[in-house]
Amino acid sequence: MMAIHQAVNSFILLIHRAKTTLSLKEIHARLFRFNFSQNSHAVTQLISACSPFGAIQYAILIFRSFRDPNPFVFNSLIRALFDNSCFDTAISHFAFMMQLDVRPDYLTFPFVLKSAACLQEVGLGSSLHSEIIKIGFELDSFVRISLLDMYVKLNNLGSALRLFYETPETNKIRSILLWNVMINGCCRASDLKTAVELFERMPDRDAASWNSLINGFVKIGDMEGARDFFDRMPEKNVVSWTTMISGYSQNDNHKWALDTFNQMLEEGVRPNDYTLVSVLSACAKIGALDAGRRIHDYIRQNNVKINRQNGTALIEMYAKSGKIICAKQVFDLMKEKGLLTWSVMIVGWAVHGYCVEAFRCFEAMKCAGITPDGVAFLGILTACAHTGLVDQGLWFFNMMRQDYFIEPSVKHYACIVDLFGRAGRLEEALKFIEDMPVEPDYVVWGALFCACSAQKNIQMAELAAQQLLRLEPSHPGSYIFLSNVYARTGRWNDVERVRVKMREKQIEKSPGWSFIEVGSHVHQFVAGDISHPCTAVIYSKLEELTTDAKAQGYLPDTGWVMHNIEEEDKEDAVGSHSEKLALAFGLISIPRGEDIRIVKNLRVCGDCHSLMKYASRMSQREIILRDIKRFHHFKDGVCSCKDYW
DNA sequence: ATTGGACTTA
């Protein structure tokens, strides 16, 4: 007896060694040779050893050759199946287990329930629950949490709540964790009312309880609610702070995200990678270079290791703040680059108009053994579009489908439309849209519209604008687009008609805003803004600038105004676009010799673009403007986009 | 005797 034991043990040792040296097949063969293929201990170990290799078929094979399955063997197989994402097979083996009357134990259910959750099968979830009750399995706190978690992941909040309420109120079973899972489930289902109710009723709360609730408010976009609980939270941890920071950023309040981060540092809470990524992404959104640099300094001073996540966030911050060379420096220093890292770098080159570098980066990525995905291709197509390389772009588009089997998304189609459109090949763009296998969406028609607008093809622009209106009748952009077409041709009656319709439907024009960072402060402007403390000085500077530019040949282009107003007023309306106000403010407050960086949430209008060129020459300063599409580097009267955007 | 008990927050 003793000898058999030892032999089995030495087999188990062999199996452990299999992870490095011996092949599993060889072990299995030996198992047979020594007649241990029916030893459940050895078989259980062998099945478990298959899992990390993904040798799941082999694990099933071993399982089938075992004649007298017991819970141990079943459990290890179900576990292995779950780990290899074979959820339905895991479930069917559980059914098999029941069929053979093998009683499941405490290690069976966690993985079966998780499989049901991953399969997103609501009915299966409930029947597993009944099965547990039927066989009289004890519903201890472990099983309850597993069940609760499964219901939450199946979006079956009702069943989760029912199970929760019938749980005896002893602290041991209704643990903090159980409450937290429940609160989190309510938050996932956007049922904040119940979440708060549960939270208030909890006998004890830990940080995760608070954070879960705060996160619930963040997810529904209620930052005041989130702030309320955040302020009341007695001991905020990193997660609490990060939730707020990324919450502000997700809800488009990047300035507050930065403020919250600074506050966090003042409170002496040490940021982790999640925090750094969130705050860097907030910087990237508004092009807050100084803030971003300070975070980079923090990273260096505190010896934070650059890894895939924070490194990628740094690259994106620099790229979107106009410092593509700094982005490249971080990129070169990074040891472990992921797919996202490469994509961010490619898109970075693309939006700065560095087509060759984007191509090189794309090739280098493939050499590094990373397979490009749809996002990487989108970057490379953007690069082609921005530099007018139509044939190259089409070549990449075909490569994506034929060599990489990536089904193009609507974004890719929109990019190709853009590619044709910018090159002035409008007919081809339209034909491309008509031949698309998927229904063209708002972005696709929008790309065509912009191209028509730039090429002054009013007929096709009207067609595109009508499609936009059909697709998004409540989107303000659709009306603006259409009205812009009419405005350009002087059809003021039609412009008025569109405006009335907009008013009837109570559609508000989404405001264009611009950000400019001065020193360490971010200033925000909307068109016609008078909220800034320096408003008077800004406007007089702008007037001076416009006058000087006019003397140099600048002609205000009033075609960009949508309303039918007197010529002079029109000049006013384009004259106070947010990017112009930001520019004037920058000229006053940013020391000479430093770049002026402006970020705009929409596309820059042609008039502003023209004025920026004059301003860069007259002030002998570099102006870096980022709009929703790309970067414009203005230097000595010329823009890096070569007026092609 | 064997099987990494469950799980939440960015």
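Letters A, B, ... are given to chains in the order of the sequence lines, protein chains preceding strands, and every chain is numbered from 1.
Ion pairing between R294(A) and D290(A) fails under the 4.0 Å rule for side-chain N and carboxylate O.
Atom pair N211(A):CG and dA10(B):P shows a separation of 8 Å (rounding to whole Å applied). Across the protein-nucleic acid pair, M264(A) atom CE and dA10(B) atom P stand 15 Å apart, rounded to whole Å. In this entry the distance linking CG of N272(A) with C1' of dT9(B) reads 12 Å, nearest Å. What separates CD of Q309(A) from C1' of dA10(B) is a distance of 13 Å, to the nearest Å.
Of the listed residues (Y248(A), F229(A), F230(A)), just one forms a ring-ring contact (aromatic ring centres under 6.0 Å, His included) with F217(A), and that residue is F229(A).
F82(A) and F111(A) have tilted rings, their planes meeting at an angle from 30° to 60° on a 0 to 90° scale.
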Item checked: Footprint string (nucleotides 2-7 of chain B, 5' to 3'): B base within contact, S backbone only, - free, heavy atoms under 4.0 Å -> BBSBBB

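For the pair R174(A) and F164(A), the distance from NZ or CZ to the six-membered ring centre is under 6.0 Å and the angle to the ring normal is within 45 degrees.
Of the possible polar contacts, one joining the E517(A) side chain to the A291(A) backbone as a donor-acceptor pair under 3.5 Å is found.
Contacts classified as side-chain hydrogen bond (donor to acceptor under 3.5 Å, both in side chains) and involving residues 90-104 of chain A (residues at least two apart or in different chains) are not found.
One donor-acceptor pair, N or O on each side, does fall under 3.5 Å between the base of dT8(B) and the side chain of N180(A).
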